[in-house]
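Below is one structure; the comments refer to it alone.
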Amino acid sequence: MDEVMMLITERNSIETYPFIPVYESNASLQSLVDILQQRNEDLEREVAETVAVNMRKIEDGKANLASSKNELRLRDKVEKLQEQLNEKLRTEVESSTSQLRTTTEVVKLMDSISSNESTIDELKTLKIKAEEEMTDLKSQLKNAETTASFATKQYESFKEELDMLREESMELRTTNEQLVNRIISEKDKTVMQFNQMNDMMMSQKKEIEMLRAYKEINDKVSLEAPTSIEKGNEEYDGQSKTRKWGGLGVVVPSEPKFIIKAHASEIISVRYDGTGSDLVATASCDSTIKVWDTTNGRARSTLRGNSGQPMLGVDINGGLVAGCSSDKMIRIWSLKTDRMIHQLVGHMNKVTCVRFSPDSRSVVSASADRSIKVWDIARHTYKVNTTMRHGSTSNCIDVGSDGLTIATGHMDGGIRLWDMRKGDRSTEIRSIHTGGVTSVQFDPKNSNVLLTNGRDSSISFSDIRMGSVVQTLQHKNFRTTFNWSSASFSANGMYVVAASGMNGDTFIWRTDDGYLEKHLVSHNQGVGGVAWGGGGTNGQQVATVDRSGVLVLW
């Protein structure tokens with residue numbers, strides 16, 4: 001506190017020093033004014049007294065002329081002295097006033113100087129701060145310039161690397177295309193050679209078997225002839241009975257015929273042979289497709305795709321099996337040799353579904369790249385005949401019985417029909433389901449009706465000519481939980497089968513009135529794939545597959 005008082009005292013002494021001469025000058029002027037005022041008062045008093053004396057003398061001695069003249073001279077003298085005194089006083093007063101005015105102006109100037117000095121101090125402080133900020137900004141600018149220079153160098157470096165990578169990518173792409181073309185060419189040659197070898201081997205086997213049979217017949221002709229005729233009649237009778245049972249038409253199942261642990265993981269799709277044989281094919285996430293004999297429930301063939309890539313769809317028709325996968329490819333196998341004869345490459349994303357044309361000369365595929373492709377597989381070297389594009393991913397596809405019309409179901413809830421020859425979209429029916437369409441199929445008896453399953457857990461029948469839904473089927477326990485959940489017509493179009501993705505229950509409805517004909521229970525897991533075949537030679541017609549890899553033949 002003492003230090004503060006000392007600083008204040010020191011500051012006051014410094015600030016009051018310039019005013020000391022002004023104060024002393026003001027004090028001396030004030031003293032002079034007081035003296036002059038006192039003298040003025042004394043002179044006025046003397047004048048008054050002299051005037052009074054003279055007046056009395058004039059009044060008392062008017063007779064004395066000499067005295068009167070004397071008084072007149074004195075009076076003139078007094079008046080002159082009075083005027084001189086007044087003039088001197090006026091001069092001194094004006095001088096004092098001027099000095100006071102000067103002093104006031106000096107005080108004002110000193111106040112202004114003090115205020116200006118304070119302003120100068122503030123401006124100096126602001127200048128120092130501005131200089132510091134300027135220094136910081138210069139430092140920041142320098143750092144920014146350094147960073148920008150470094151970033152520019154990095155950009156140039158990255159640009160050069162990107163250009164190099166682009167060039168390498170173009171070279172690799174060109175090399176890859178060349179390799180793919182060479183591999184496809186070599187594969188086609190290899191497949192052709194394998195086919196020729198297999199044909200030759202089969203021909204030789206047949207010749208050997210014929211020779212052996214001919215030899216046995218020649219050796220035992222006299223003993224075996226009656227037995228062979230009797231056995232042949234028995235086989236014919238048995239076959240007639242089997243075909244007669246299988247020829248009864250559509251049979252609504254009531255219980256499982258075979259429950260098979262078909263795959264190690266989830267089964268996505270199941271399809272019966274389109275030519276009416278006793279074969280059914282399944283596609284699984286274990287990267288395999290298996291073909292099963294519905295007569296005994298045994299595996300006929302195991303066809304393998306790319307390891308680690310799920311098989312997402314399957315179709316079987318006339319001794320050929322088609323499978324599509326998440327590796328963007330479609331594979332075609334021959335059941336005659338269980339060997340792959342085509343590997344169709346062209347989609348840019350996973351292939352979600354695949355179907356044969358009725359004559360098996362073409363394959364139709366749909367992909368998550370929002371395209372549909374028609375492949376010609378009639379020759380040893382495949383080719384893409386038509387590519388159709390759309391704005392929504394298709395998870396299901398079907399080919400009409402005429403072999404010229406394609407129906408696709410999409411994630412936007414609509415279906416579209418395409419002309420296979422021209423690649424044009426002929427019909428579009430929007431918003432059939434509030435969720436995506438997971439399955440689509442032409443009515444086998446009426447090509448103007450389409451069956452669809454949707455993520456809104458409903459089965460719909462749509463009339464192509466009307467462009468609208470004409471019937472909807474639902475059940476409280478039926479839930480569509482997969483993008484590949486299917487539904488299927490019976491061979492005569494009188495029934496529809498679908499299964500729940502929640503509990504695996506299987507439902508069979510009549511198509512004419514929507515009546516629930518059967519509610520079947522066998523699966524312990526949700527069911528995604530269902531199929532209804534023609535019955536073959538044994539009458540087995542309905543197949544369902546679930547998430548645990550179980551196949552049920554009803």
Side chains of Ile464 and Leu417 in contact at under 4.5 Å (non-hydrogen atoms)
yes

Would you call the rings of Phe478 and Trp509 parallel, tilted or perpendicular if under 30° counts as parallel and over 60° as perpendicular?
perpendicular

Let me have the donor-acceptor pairs involving side chains of residues 518-530, under 3.5 Å, with sequence neighbours excluded, atom names and distances please.
unit_1, atom_1, unit_2, atom_2, d
His519, NE2, Asp505, OD2, 3.0
His523, ND1, Asp546, OD2, 2.8
His523, NE2, Thr544, OG1, 2.6

Does some side-chain heavy atom of Thr408 sit less than 4.5 Å from a side-chain heavy atom of Ile372?
yes

Output yes when a side-chain donor or acceptor of Lys290 lies under 3.5 Å from a complementary backbone atom of Ala262, and no otherwise.
yes

Would you check if the side chain of Thr511 reaches a backbone N or O of Gly493 as a donor-acceptor pair within less than 3.5 Å?
yes

Can you find a side-chain donor-acceptor pair between Tyr495 and Gln541 that sits under 3.5 Å?
no

Going by distance alone, is a donor N or O of one side chain under 3.5 Å from an acceptor N or O of the other, for Asn483 and Thr438?
no

Give the minimum heavy-atom separation between Ile260 and Leu553, together with the two atoms involved.
CD1-CD1, 4.1 Å

Could you check whether any side-chain N or O of Gln343 sits under 3.5 Å from a backbone N or O of Val345, counting only pairs where one atom can act as donor and the other as acceptor?
no

Compare all side-chain heavy atoms of Phe507 with those of Ser500 and state whether any distance is below 4.5 angstrom.
yes

Between Ser394 (side chain) and Ala366 (backbone), is there a donor-acceptor pair under 3.5 Å?
no

Non-hydrogen side-chain atoms of Val550 and Val545 separated by less than 4.5 Å
no

d(His410 NE2, Ile415 CD1) to nearest 0.5 Å is 9.0 Å

Between atom OG1 of Thr352 and atom CG of Asn395, what is the distance when rounded to the nearest 0.5 Å?
5.0 Å

Strictly below 4.0 Å, N to O, side chains only: are Asp338 and Arg300 in salt-bridge contact?
yes

Does Arg298 pair with Asp293 as a salt bridge, N-O distance under 4.0 Å?
no

Classify the ring geometry between His342 and Tyr382 as parallel (under 30°), tilted (30 to 60°) or perpendicular (over 60°).
perpendicular

A quick test of your reading: do over 12 heavy atoms of other residues, nucleotides or ligands sit less than 6.0 Å from NZ of Lys159?
no

Heavy-atom closest contact (Pro253 atom, Trp554 atom, distance)
CB-CB, 3.5 Å

Indicate yes or no for a side-chain donor-acceptor contact from Ser371 to the backbone of Met388 under 3.5 Å, with no hydrogens or angles considered.
no

Side-chain touch Val399/Thr405, heavy atoms, less than 4.5 angstrom
no

Can you give me the closest heavy-atom contact between Thr386 and Gly423, atom names plus distance?
CG2-CA, 3.4 Å

Apply salt bridge (charged side-chain N to carboxylate O under 4.0 Å, His left out) to residues Arg430 and Asp412 and explain how you reach the verdict.
CA-CA 8 Å; Arg430 301 188 179 205; Asp412 61 5; over 6 Å; no

Main chain of Ser265, side chain of His263: is a donor-acceptor contact present, judged purely on distance under 3.5 Å?
no

So Glu266 and Phe482, do their side chains get closer than 4.5 Å, heavy atoms only?
yes

Given side chains that start at C-beta, do those of Val321 and Val291 come closer than 4.5 Å, heavy atoms only?
yes

Just wondering, do His390 and Trp418 contact through their side chains at under 4.5 Å, heavy atoms?
yes

